[in-house]
Amino acid sequence: MGAGHGGGLAAAYVPGDSPVHRLEPHTKLVAVLTFALVVVATPVHAGWAPLAYAGFLLLLLTVAGVARVRPGRLLRGLVVEVPFVLFAVLLPFVSRGPRTDVLGLSLSESGLAAGGSILAKATLSVLAATLLAATTDARGLLRGLERLRLPTVLVQILSFMIRYTDVVGGELRRMQVARESRGFRGRHLGALKVLGPAAGSLFIRSYERGERVHLAMLSRGYTGRLPSGPVAVAGGRAWATALSLPLAAVAVLAGGSLLG
Amino acid sequence: MHVPDGFLDATTSTGTAAVAAAGVALALRGSRHELDERTAPMAGLTAVFVFAVQMMNFPVAFGTSGHLMGGALAAVLVGPWTAVLCLTVVLMVQALVFADGGLTALGTNVTLLGLVAIGVGYGVFRGLRAVLPATRTGLLTSAGVGAFLSVPTAALVFVGLFGLGGVADVALGPVTAAMVGVHLLIGLGEAVITVAVLGAVFTVRPDLVRGGRHLLRARELAPRPGLAGATAVDAR
């Protein structure tokens, strides 16, 4: 269902030199993941939940301001959640439980709360991930995941994926241009007859390119591990800066449950 | 089909994350038979390919569209364990770089699109391959049925998870019907594309289809009649 990830992996990154850009990638990964966990852990049916969501949003906007990520970039990141917005809007109509009247429509109270919370939580976490992607390039993400002890095989697959997505994506786009300039319109099921073989030849082209590149790498002494630079050390201050986002979120959550 | 954050409660997300971690650990062990140092880059390219075809949307019905999940296809192409690793990496990139699929829901997505879809797709494929005749048609049929069934099964497991830890109090009956109905159609698309891709790859490079290795026979070098004399002359 996802909307197209146009523009390849590099399009997500916004080059910059803000304090957020300079943070070590693994500290940012931990920070964003913890933040998402805190957001998801917010109770759905608590009366103060909307206030907490607003607090989280304020935190994210502050980070975006520090990182100089434009609002337009954040909004574009939100496109992926469109299918789920539809689902969230439907929830108040189909949920069970006591009903309430809003503008003459009979809506389920729990459905309203659930739909609203799904929308808020998904939006907040998409914004957090968008901020991460906007301030960390793909190579940095890879380095961060490596530091966080992701198994070597996965790191290898990921590094090849990062390097070849643009190449294969370009191939895909050329095939698409070729199809459409011959009058192809993918509007009905018959389109599959065209798209299937296209995907088949895409696979063969990707794979054979991979074979060639791999042979070239082997002949240049590839041993199965790419040499990486010296391991970057993140000191206490760097961690403190990175974790200030999730810690502030925890504070918002704690404040809500104490006062609410 | 990518589950975002906040859809399932924290307990269910943690549970599926544990399941996914265990599955990926198993796949890391299992893939040692499928991947040697030579094929690790190939796994990377397979991941890129799955990522690319997930961008190809095909129309389903009522204006909605679906895209390939690619689990069954990848499993037949590179083996089930490697396929799990590829799908895991694809989902990770989609969550981290494109925010498609929630970060805390990563475990759920790996469980559904990686473990369940590949388990069902490859299981059905192996089962059918054993009973169908060992031909190209038999291979493609088994893969097609496997791919078809993998999609609604994953949808069904999602509805189950939603019933366990969904944040909304919805009657599960209609949700199940809608989800399975739509995903039967998406499954048809998945099957058609899987068969088309496998057919194309099997025609051009049969050695790349791991699930079809049993169909490859070492060709004997047959001397062509009438050429023996010519070779003798050339050799002189």
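This is a predicted model, so every value here is computed, not measured. The analysis underlying the following values was restricted to heavy atoms, covering all of them including side chains, and did not include hydrogens, waters or symmetry mates.
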Nearest heavy-atom neighbours spanning [X] and [Y]:
X        : Y        : value
A/Ser125 : B/Leu103 : OG-N, 4.5 Å
B/Asp5   : A/Ala36  : OD2-CB, 4.1 Å
B/Val48  : A/Phe160 : CG2-O, 4.1 Å
A/Val168 : B/Ala52  : CG1-CB, 3.9 Å
A/Ser206 : B/Leu45  : O-CD1, 3.3 Å
B/Ala200 : A/Gly200 : CB-CA, 4.0 Å

Given a strict heavy-atom distance threshold of 4.5 Å, which part of [X] is in contact with chain A: side chain, backbone, both, or neither?
X        : answer
B/Ala95  : backbone
B/Val192 : side chain
B/Val90  : both
B/Leu28  : side chain
B/Leu208 : side chain

Next item on the list: Would you mind telling me which of A/Thr136, A/Leu132, A/Leu158 makes a side-chain contact (heavy atoms from CB on, under 4.5 Å) with B/Leu96?
Entry: A/Leu132
Notebook entry, point to check: What pairs with A/Tyr164 under ring-ring contact (aromatic ring centres under 6.0 Å, His included), at least two apart in sequence or on another chain?
Noted result: none
Next item on the list: Quick one: list whatever passes ring-ring contact (aromatic ring centres under 6.0 Å, His included) with B/Phe125, sequence neighbours left out.
Entry: B/Tyr122
Check: Between atom OH of A/Tyr207 and atom CG of B/Leu77, what is the distance when rounded to the nearest 0.5 Å?
Finding: 8.5 Å
Checklist line | Contact class of A/Leu215 relative to chain B, heavy atoms under 4.5 angstrom | finding: neither
